[in-house]
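Step one of this worksheet: look at the structure below.
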Amino acid sequence: DGGITQSPKYLFRKEGQNVTLSCEQNLNHDAMYWYRQDPGQGLRLIYYSQIVNDFQKGDIAEGYSVSREKKESFPLTVTSAQKNPTAFYLCASSIVTGAGYNEQFFGPGTRLTVL
Amino acid sequence: EDKVVQSPLSLVVHEGDTVTLNCSYEVTNFRSLLWYKQEKKAPTFLFMLTSSGIEKKSGRLSSILDKKELSSILNITATQTGDSAIYLCAVAPFQGAQKLVFGQGTRLTINP
């Protein structure tokens, strides 16, 4: 089955620790994205990547880092510099074609709680 | 700054009612508007609208874009408890990258 997987589903972290959230897709999509969802605020873009070994900051990149060493994988690290990391994190992917827009497909998400 | 605003933020209705959800946007170089449904975890794609005035329909759900008014509506007729979800509106600006700007979402609750 093609799709996007995220792990873990739930993650608990102590303050001051870095954690890495996994996102893998087997849809052969070029572009991948990370969003953060807080209650009442919709989805906000953290980072995105349109091609391997290249990525760009989104609207709220401070305190986060990413890598894109393989087309299928786009891990997100939440560093200790992120002041309020407790949130629901969603990964998405899409194909990239010329001038048209293509919908993004989402993974099931990771709920991160900082204790 | 690109912005998407949805209203209402929350809506509670009875099964069988018809609901209309609103989405307005301010973006530079509009490309497309998308609607997603989020039940518990992953948002699932509903519609993508690019041309003004053309209705997209899927069963009891329909949506239309008004580029003049910079807005879109999502209609759900004969609502069922399974329609309870957060409905997200997002706009893709024409920036060369496949980015989306999301609204806050509308939480729809259908009571039996």
Side-chain angles (χ1 to χ4, degrees), chain A residues 1-10 23 25 27 29-51 54-61 74 87-111, chain B residues 1-11 21-25 27-51 56 58 63 65 72 85-108:
Chain A
D1 280 336
I4 303 175
T5 56
Q6 291 186 241
S7 62
K9 270 189 188 176
Y10 300 95
C23 177
Q25 53 97 1
L27 300 167
H29 286 173
D30 291 304
M32 296 185 75
Y33 314 81
W34 274 106
Y35 292 93
R36 170 181 171 139
Q37 188 174 29
D38 295 282
Q41 291 197 47
L43 275 64
R44 291 183 291 166
L45 183 64
I46 304 172
Y47 268 97
Y48 65 101
S49 166
Q50 296 205 104
I51 195 167
D54 188 44
F55 47 83
Q56 285 77 40
K57 291 181 180 180
D59 300 318
I60 55 165
F74 192 40
F88 187 52
Y89 291 86
L90 284 160
C91 179
S93 70
S94 72
I95 61 174
V96 178
T97 56
Y101 188 79
N102 302 286
E103 68 268 26
Q104 295 180 16
F105 295 84
F106 285 84
T110 292
R111 189 166 296 280
Chain B
E1 185 185 331
D2 296 333
K3 193 174 176 184
V4 177
V5 176
Q6 292 184 244
S7 64
L9 294 181
S10 180
L11 185 59
L21 309 184
N22 300 287
C23 176
S24 62
Y25 61 89
V27 296
T28 49
N29 297 322
F30 172 90
R31 179 157 50 173
S32 299
L33 184 144
L34 291 83
W35 285 97
Y36 285 86
K37 177 183 181 182
Q38 185 179 26
E39 292 182 75
K40 288 193 176 171
K41 295 178 180 176
T44 53
F45 172 75
L46 293 173
F47 299 112
M48 180 160 64
L49 304 147
T50 305
S51 301
K56 292 258 178 125
S58 176
S63 183
L65 174 67
S72 174
I86 296 173
Y87 289 84
L88 298 164
C89 174
V91 172
F94 207 125
Q95 292 177 317
Q98 301 276 328
K99 289 172 62 177
L100 284 177
V101 179
F102 280 85
Q104 323 93 301
T106 293
R107 182 178 292 277
L108 177 63

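Heavy atoms only: backbone and side chains are in, while hydrogens, waters and symmetry mates are out. Nothing here was measured: the structure is a model prediction, and the numbers come from that model.
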Looking at B:L9, B:L88, B:L100, B:L34, which makes the most heavy-atom pairs under 4.5 Å with chain A? B:L100

If every non-hydrogen atom of A:L90 is compared with every non-hydrogen atom of B:K41, which pair is closest and at what distance? CD2-O, 4.1 Å

Between A:L43 and chain B, with a heavy-atom cut-off of 4.5 Å, which part of the residue counts as in contact: side chain, backbone, both or neither? both

Closest non-hydrogen atoms of B:A42 and A:G107, given as atom of the first, atom of the second and distance, are CB-O, 3.0 Å

Can you tell me how far the CZ atom of A:R44 sits from the CD atom of B:Q104, to the nearest 0.5 Å? 12.0 Å

Which residue out of B:P43, B:S32, B:C89, B:G105 racks up the most heavy-atom pairs below 4.5 Å with chain A? B:P43

Spatial distance of atom CZ (A:F106) from atom OH (B:Y36) [nearest 0.5 Å]: 5.0 Å

Part of B:E1 within contact of chain A (heavy atom distance under 4.5 Å): neither

So which part of A:Q37 gets closer than 4.5 Å to some heavy atom of chain B, the side chain, the backbone, both or neither? side chain

